[in-house]
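Inspection log for the structure reproduced underneath, given as structure tokens.
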Amino acid sequence: MEYLSSLNDKQVKAVKHIDGPLLVLAGAGSGKTRVITVRIVHLIAEHDVLPHNILAVTFTNKAAGEMRERITAMLIGRKLKSAPLISTFHSLCVRILRQDIEELQEGYTRSFTIYDTDDSLKVIKGAIKDLGFDTKQIAPRQVLNAISGSKNRGEDHELFSSRVDYADEKRAAIGRIFKAYEERLNNANALDFDDLLIKTVRLLRKSPETRAKYNDRFKYILVDEYQDTNPLQFALVKYLTEQQQNICVVGDDAQSIYGFRMADIRNILDFEKHFPNAKTVMLEQNYRSTQTILDAADSVISNNRGRKEKKLWTDNPDGDQLIYFQAFDADSEAKFVASQIYDHRRLNPKDKVAVLYRTNAQSRVFEEALRRMRIGYNMVGGFSFYERAEIRDIVAYLKLSLNTFDDIALSRVINTPARGLGKATLEELERVRKDLDCSYWEAIETVLSEDFEGTFSVTPRAVKSLKLFRGIVNGLIAKIGECSKTERPVSDVVIAAIEQTGYSYMLKSDNSEESEARLANLEELVNAAVDYDRQESDGLRDFIDHAALSSDTDKFDRNAPVTLMTVHSAKGLEFPVVFLVGLEDGIFPHARSINDPLELEEERRLAYVAITRAEKKLFITHSTRRRVYGAETTAEPSQFLNELPLDLIKDVSRGNSWLSFAKSSTTLENKRAAAALRGETHAKPKSTYTGKTYNSNEAIAEFFKSKSGKDSNEDRSKESKPKKSGIEKLREFAGKDRKEPVAAPAGRFLPGAHVRHAKYGKGLVLRREGSGDNVKLTVSFPGFGQKKLIEKFAKLETA
DNA sequence: AAGTAAATTTTTTTT
DNA sequence: AAATTTACTT
């Protein structure tokens, strides 16, 4: 049991708890993955549990892969007949459904197709058109979000529609689209990502036998990142552990960052309620970061109201200060990051570096800067291999061959490569499909069948093309059958799909560089297929499932010197050096979250996750100018910067920065103001607040008021979740405020104007009240918060 | 029917 | 600014 010696007492406690529910509340960097992996090894080695009977569930393939690797390494040398199943929620569901979905009797067969987000959007677009709506009035993306949200809360389209207020036309429309969407998926024998969970839960609910079967199979279940489970995932866990109750969940409420996917933090907070007799272990010793980094993280997260008090501590040294850089624009920010990486790696070549940003769109400038300095990097997320058009085309051929009801796959490839099937033919086909209420494939069969010759308005040329297309797909179907018993059931079919569809001919006859790159990509697909065949091959279907469920996130390479990724993707990872970039209001926290206190708290947890990724060095940067949709805008420093302990930060900006102002402003007045905003009577002695933190109702009220002047034309009323009435009122208030005409003489400081103040420096005018000599201005000074000034006395200058 | 030019939209975060 | 969709020419 030497593997136990490397654990602390609490960790050992978690590992040694065998039977019954166990909750491990594990702070950032407290060795949570270690506990899970050692626990699994312990179950096998000491308690003779068959690996086959163990299930560990994670959220990402990346996490699953990592865990699998570690466990395999620890179990090396033991002769085991089976391996524990380590899987994401989604692939677990696919595994169950591929076996038992027919029990559900909802018309689905085992050869169902998985629709990814892109496919779903296409279905929605089709449904919108079919119902006579316009995609301009109803954004498909918005519909998908509404549908997905509803599904993840465990609601179906009927429940959705029953909740429609008749005055709300848009919601009523979405309800109808929802229904049509479900019908289309059902007809196509297709499941979207959410359906994978829904159908599995429904199956387990419906069939006690199936439930018993999996309870029997999975005697010990572990769930990682439990704070990110949504109601469906919770239900799944509940059913799977119904009999044996051997459930171990690990998570940290402070790191719950998937609220937008309906993750419910209460799942972890109420674990003891959901699973009586649960034992709880708290892991609070951090092994990862320096004290300074932990202080910074704690200082930020302590601004959240809804959280379990947890005190993370470490034996690690204080370490370096945080390094702060304010850039002039996004390019100079990237340049700074690249040169710092260069310098750091010259002295510490072994240190892995991560650049973390809020949104994928930010990655570009960093890629360019790193390339310019010839620093090798690895980017996670963004554009996945399987998202490339040529890969998707070939995969679509394969999906269609496995399931000819897959309308989306069919419409993707019917004229790819071009074979002379144009708009007219496709429209005729669509009509036939609608009239007969069948799939495209059946429509093609009908159009081509001799019984109906002359019935349809298709040109002879089109008939020829359709026959060609049908021949190709039938050829592939035959090929799949032939190859299924051979040594190469996947790669031979993939090669056939590339060759027989005319795809490789198309790319080869076009001698552009792009075509060559695409051919190379297809070769990579073949390589992946060959690899798949070489491993214990589960056949073509699994290969395709894998393509659907893998996002490039799991392509994370721990050996890459520099990794670029979103903060979300970085969860669960750690790096000696971390750059947290783009700390600006509107980016981090994201503009979409700024108006909702709960979403803002999630952004703060996200910031907490970002900070706690760092082991030794943390760089934080922001830029004063940034392009949004190609237009240059000025950017305010992130409100989270205000929440950091400023005395732990070293400013390396050129010239005067937001931080230099913030640091010099430690007047009593500001401290009092900050304390009052937090609803405290006395400022904490340790506090270094200088500005406003937006976490009290008053502050939020002021925030709304101030924003009203800024983007006055924006319609932000639509499709908002039910919120606290107080917030609604504030919005209304902000709305009224907005309409008030601002009758100020020209040349004065109107809302939106950039001004300079002798003491506070640059600021933005948010509000203007009164007239004549009594004009009062509300001005936001980065680092000082908002100030009310009498225009006459303030001696403001235009900046 | 296919290729090109013009217009329009896009950005949260992920399986 | 880039990518996607639509409109227009051949």
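To find a chain, count down the sequence lines: A is the first, B the second, and so on, and within it residues start at 1. All heavy atoms count here, side chains included; hydrogens, waters and symmetry mates do not.
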Length of the line joining [X]:[atom1] and [N]:[atom2], which is rounded to integer Å:
X        : N      : atom1 : atom2 : answer
A/Arg627 : B/dT9  : CZ    : P     : 21 Å
A/Gln142 : B/dT10 : CD    : P     : 11 Å
A/Asp194 : B/dT15 : CG    : C1'   : 9 Å
A/Phe59  : B/dT15 : CZ    : P     : 11 Å
A/Ile257 : B/dT13 : CD1   : P     : 12 Å
A/Leu232 : B/dT15 : CG    : P     : 17 Å
A/Arg626 : B/dT10 : CZ    : P     : 21 Å
A/Leu121 : B/dT10 : CG    : P     : 11 Å

Counting only side-chain heavy atoms from C-beta out, which of [options] sits nearest to [X]?
X        : options               : value
A/His90  : B/dT15, B/dA1, B/dT10 : B/dT15
A/Thr88  : C/dA1, B/dT15, B/dA1  : B/dT15
A/Ala424 : B/dA1, B/dT13, B/dT11 : B/dA1
A/Thr566 : B/dT10, B/dA1, B/dT14 : B/dT14
A/Arg592 : B/dA1, B/dT11, C/dA1  : B/dT11

Regarding [X], tell me which of base, sugar-phosphate or nothing describes its non-hydrogen contacts under 4.0 Å with the strands shown.
X        : result
A/Phe89  : nothing
A/Lys125 : sugar-phosphate
A/Thr117 : base
A/Arg461 : sugar-phosphate
A/Ala418 : sugar-phosphate

Ignoring backbone atoms, establish whether [X] has a side-chain N or O less than 4.0 Å from OP1 or OP2 of [N].
X        : N      : result
A/Arg364 : C/dA2  : yes
A/Ser91  : B/dT15 : no
A/Asn230 : B/dT15 : no

Modelled atom types, side-chain donor and acceptor of A/Asn304 and A/Tyr608, under 3.5 Å: no
Which atom of A/Asp545 lies closest to which atom of A/Ile114, heavy atoms considered: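 Smallest interatomic distance, heavy atoms only, reads OD1-CD1, 3.4 Å.
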Aromatic ring proximity A/His622/A/Phe588, centre distance under 6.0 Å: no
Given DNA chain B, 5'-ward residue of the pair A/Tyr258 and A/Asn415, judged by closest heavy atom: A/Asn415
Separation of the C1' atoms in C/dT6 and B/dT11, to the nearest angstrom: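 To the nearest whole Å, 22 Å.
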Distance, C1' atom - from B/dT13 to C/dT4, rounded to whole angstrom: 22 Å
Centroid under 5.5 Å and tilt under 30°, A/Phe260 to B/dT13: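 Stacking between A/Phe260 and B/dT13: present.
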Verdict with supporting geometry, A/Tyr503 and A/Tyr505, ring pair (Phe, Tyr, Trp, His ring centres under 6.0 Å): CA-CA 5 Å; A/Tyr503 212 96; A/Tyr505 177 78; over 10 Å; no
Sequence neighbours excluded, every pair satisfying side chain to side chain donor-acceptor pair (under 3.5 Å) that has a member inside residues 415-426 of chain A: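 Output for this query lists A/Tyr397-A/Arg419.
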Within 45° cone of A/Tyr115 ring axis and under 6.0 Å: A/Arg184 NZ or CZ: no
